[in-house]
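Here the structure comes first, spelled out in structure tokens, and everything after it is commentary.
Since we're looking at a predicted model, the values are computed, not measured. The first residue of the sequence shown is numbered 1, and numbering continues consecutively from there.
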Amino acid sequence: MRISLIYRLYFLYFEPFGALAGTYLCLFNPQRFLSGTVPLPAYLSFSTPSSGFSSITTTSTSANRTVAISPLLQMQLINIASLYILFAITEGVVLRLTRQKSIWLAIITAMACADVGHLYAAWSVSPERMGEVMSWNSDERINYGTLFAGLGLRVLFLMGVGRR
């Protein structure tokens, strides 16, 4: 099977690297991970100003706010990190080992399902925010933008665009 350069760059390099970066954040900088992946209105409602900052200066941004990391949340962050490692290995290693169409289709379909799950999770905690594209902060543009772009590339790949 011949695979377009854009798919090879995204699926074999960009996305595995992003998944490893997400793993690192989940394990070693969970506050940054949460502020970058939870929709801003939900993050603001679950977080509190960091010590030394007044709530007046931090009400419309995730900067200088923290979420209490309970043992349950810590466990979930570790689980997410483990899944990101799975994504990185699946795309960064397994897809490199084969050009077999059925394997690529199965993995790309599974990843598309994961994208839909990620987007649904964000929508479920703040449905109105997903439609306010022009109001997204930089973290939301990066997070949702890469999710939608990745899902779009997967759909095009599954439709046969750019592969033979």
Inset, instruction - Without swapping roles, check the side chain of S70 against the backbone of L73 for a donor-acceptor pair under 3.5 Å. - result: yes
Inset, instruction - Would you please classify the geometry between the F157 ring and the W104 ring as parallel, tilted or perpendicular, with 30° and 60° separating the classes? - result: tilted
Legend entry - Shortest non-hydrogen separation from Q74 to I69 and the atoms involved: OE1-CG2, 3.3 Å
Legend entry - Residue pair T66 / T48, side-chain heavy-atom distance below 4.5 Å: yes
Inset, instruction - Examine distances only and state if a side-chain atom of Y43 and a backbone atom of R65 form a donor-acceptor pair shorter than 3.5 Å. - result: yes
Inset, instruction - Can you sort out the partners of Y24 under ring pair (Phe, Tyr, Trp, His ring centres under 6.0 Å), two or more places apart, ordered by chain and number? - result: F28
Inset, instruction - Start with the C-alpha gap between F11 and I3, add the side-chain angles, then the distance that decides, and say whether side-chain contact (heavy atoms from CB on, under 4.5 Å) holds. - result: CA-CA 11 Å; F11 299 145; I3 300 164; 5.9 Å; no
Legend entry - Partner of N143 under side-chain contact (heavy atoms from CB on, under 4.5 Å), chosen from N137, V38, T37, L119: T37
Inset, instruction - Tell me whether the guanidinium CZ or amine NZ of R96 lies under 6.0 angstrom from the six-membered ring centre of Y13 and within 45° of its axis. - result: yes
Inset, instruction - Search all heavy atoms of D115 against all heavy atoms of G150 and return the closest pair with its distance. - result: OD2-C, 3.7 Å
Inset, instruction - Check whether any side-chain heavy atom of L151 lies under 4.5 Å from a side-chain heavy atom of H118, and answer yes or no. - result: no
Inset, instruction - Would you mind listing every salt bridge (Lys or Arg N to Asp or Glu O under 4.0 Å) that reaches into residues 16-36, with sequence neighbours excluded? - result: R32-D139
Inset, instruction - Could you tell me the separation between the CD atom of Q100 and the CD1 atom of I107, rounded to the nearest 0.5 Å? - result: 10.0 Å
Legend entry - R129: partners by salt bridge (charged side-chain N to carboxylate O under 4.0 Å, His left out), with sequence neighbours left out: E132, E140
